[in-house]
Engineer: 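Below are the structure tokens for one structure; questions will follow.
Note that this is a predicted model, so its numbers are computed, not measured.
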Amino acid sequence: MLIGELARRTGSTARALRHYEQAGLIDSERAANGYREYGEPAVVRVRNIRALVAAGLTLEDLRPLLGCLDGDVMSRPPSERVLGIARERLAVLERRIAAQTDARDRLVAALAAAGRGPGEGPENGQRNGPENGPGSGPGRRTDG
């Protein structure tokens, strides 16, 4: 099947499929006209890739699992190897969330120190923008 059909059958995009191929997760053959052709097993593999990525794994995380991607991955109990990869990914996500939470807290503190809480705009309560930016006071035309 051609890349467009594989994309349609898996809910993916041709661009994502080329990315999966470049990452070594799926294979294609080249037709005489240069088009990529995929076998029927690619449908199951791409669906599994998409499900695992949606669950939080990265394409890099999936590379060691190539042999497992051709079956019904989501209905089988995960192997210890899969659980280990998932735990490592979870730890990475937890560290990122903690770092983002710390950054948010520092920004909230900086705004509080400046006398402004989160979401508060300039003293007049207006935000600067094209319709009310500098020089757009009463009597000024802003429609060109």
Side-chain angles (χ1 to χ4, degrees), residues 1-136 141-144:
M1 81 188 80
L2 297 177
I3 195 167
E5 182 181 350
L6 181 58
R8 182 185 57 77
R9 289 180 60 188
T10 59
S12 190
T13 64
R15 183 176 179 176
L17 295 173
R18 287 189 291 272
H19 186 64
Y20 298 162
E21 189 170 350
Q22 185 178 14
L25 297 176
I26 61 174
D27 295 316
S28 68
E29 300 292 325
R30 292 292 183 151
N33 60 7
Y35 289 177
R36 288 177 168 90
E37 291 185 344
Y38 298 89
E40 192 64 30
V43 174
V44 171
R45 182 171 278 212
V46 170
R47 286 180 181 158
N48 285 330
I49 291 168
R50 289 175 50 81
L52 292 168
V53 168
L57 298 180
T58 67
L59 298 185
E60 185 68 31
D61 293 333
L62 298 181
R63 205 166 280 134
L65 308 176
L66 282 178
C68 305
L69 296 176
D70 294 325
D72 190 2
V73 170
M74 299 309 281
S75 68
R76 290 187 295 196
S79 69
E80 283 303 314
R81 186 177 196 185
V82 170
L83 289 173
I85 290 170
R87 286 184 188 110
E88 288 174 17
R89 178 57 42 204
L90 181 60
V92 168
L93 292 172
E94 293 287 353
R95 287 191 299 272
R96 288 181 183 167
I97 290 168
Q100 290 295 306
T101 300
D102 289 346
R104 184 202 59 212
D105 292 347
R106 286 190 302 275
L107 186 56
V108 167
L111 287 169
R116 307 237 165 108
E120 293 180 13
E123 281 76 21
N124 63 9
Q126 294 181 341
R127 295 178 159 242
N128 285 336
E131 66 281 348
N132 57 359
S136 63
R141 289 185 51 161
T142 59
D143 59 350

Engineer: I need the full list of side-chain hydrogen bond (donor to acceptor under 3.5 Å, both in side chains) pairs touching residues 68-97, with sequence neighbours left out, sorted by first then second residue.
Structural biologist: Arg45-Asp70, Asp61-Arg89, Asp72-Ser75
Engineer: How far apart are the closest heavy atoms of Val44 and Gly71, and which atoms are they?
Structural biologist: CG1-O, 3.6 Å
Engineer: Would a distance-only check, ignoring hydrogens and angles, find a side-chain to backbone donor-acceptor pair under 3.5 Å from Arg47 to Arg9?
Structural biologist: yes
Engineer: Holding to side-chain contact (heavy atoms from CB on, under 4.5 Å), I want the full list of residues that pass it with Ser28, two or more places apart in sequence or in another chain.
Structural biologist: Glu21, Arg36, Tyr38
Engineer: Drop me the distance from Ile49's CD1 to Thr10's OG1, to the nearest 0.5 angstrom.
Structural biologist: 9.5 Å
Engineer: Working to the nearest 0.5 angstrom, can you tell me the gap between Arg50 CZ and Leu17 CG?
Structural biologist: 8.5 Å
Engineer: Output the distance between atom CG (Leu57) and atom CG (Leu90), rounded to the nearest 0.5 Å.
Structural biologist: 10.0 Å
Engineer: With side chain to side chain contact (heavy atoms under 4.5 Å, CB included) as the test, would you mind laying out the steps for Leu52 and Met74 before giving the verdict?
Structural biologist: CA-CA 8 Å; Leu52 292 168; Met74 299 309 281; 3.9 Å; yes
Engineer: Looking at Ser12 and Val46, what are the two nearest heavy atoms and their distance?
Structural biologist: CB-CG1, 4.3 Å
Engineer: Rounded at 0.5 Å granularity, tell me how far CD1 in Ile3 sits from CZ in Arg15.
Structural biologist: 12.0 Å
Engineer: Go through the structure and list residues passing salt bridge (Lys or Arg N to Asp or Glu O under 4.0 Å) with Glu37, not counting sequence neighbours.
Structural biologist: none
Engineer: Work out which heavy atom in Ala7 is nearest to a heavy atom in Ala14; give both atom names and the distance.
Structural biologist: CB-N, 3.9 Å
Engineer: Could you check whether atom CZ of Arg30 has more than 12 heavy atoms from other residues, nucleotides or ligands sitting under 6.0 Å from it?
Structural biologist: yes
Engineer: Report the distance from atom CZ of Arg63 to atom CG of Leu69, rounding to the nearest 0.5 Å.
Structural biologist: 11.5 Å
Engineer: Do you know which two heavy atoms are closest between Leu83 and Pro78, and how far apart they sit?
Structural biologist: CD2-CG, 3.6 Å
Engineer: For the CG atom of Asn48 and the CG atom of Leu25, what is their distance to the nearest 0.5 Å?
Structural biologist: 11.5 Å
Engineer: Identify the heavy atoms of Ala23 and Leu59 that sit nearest to each other, and give their distance.
Structural biologist: CB-CD1, 4.3 Å
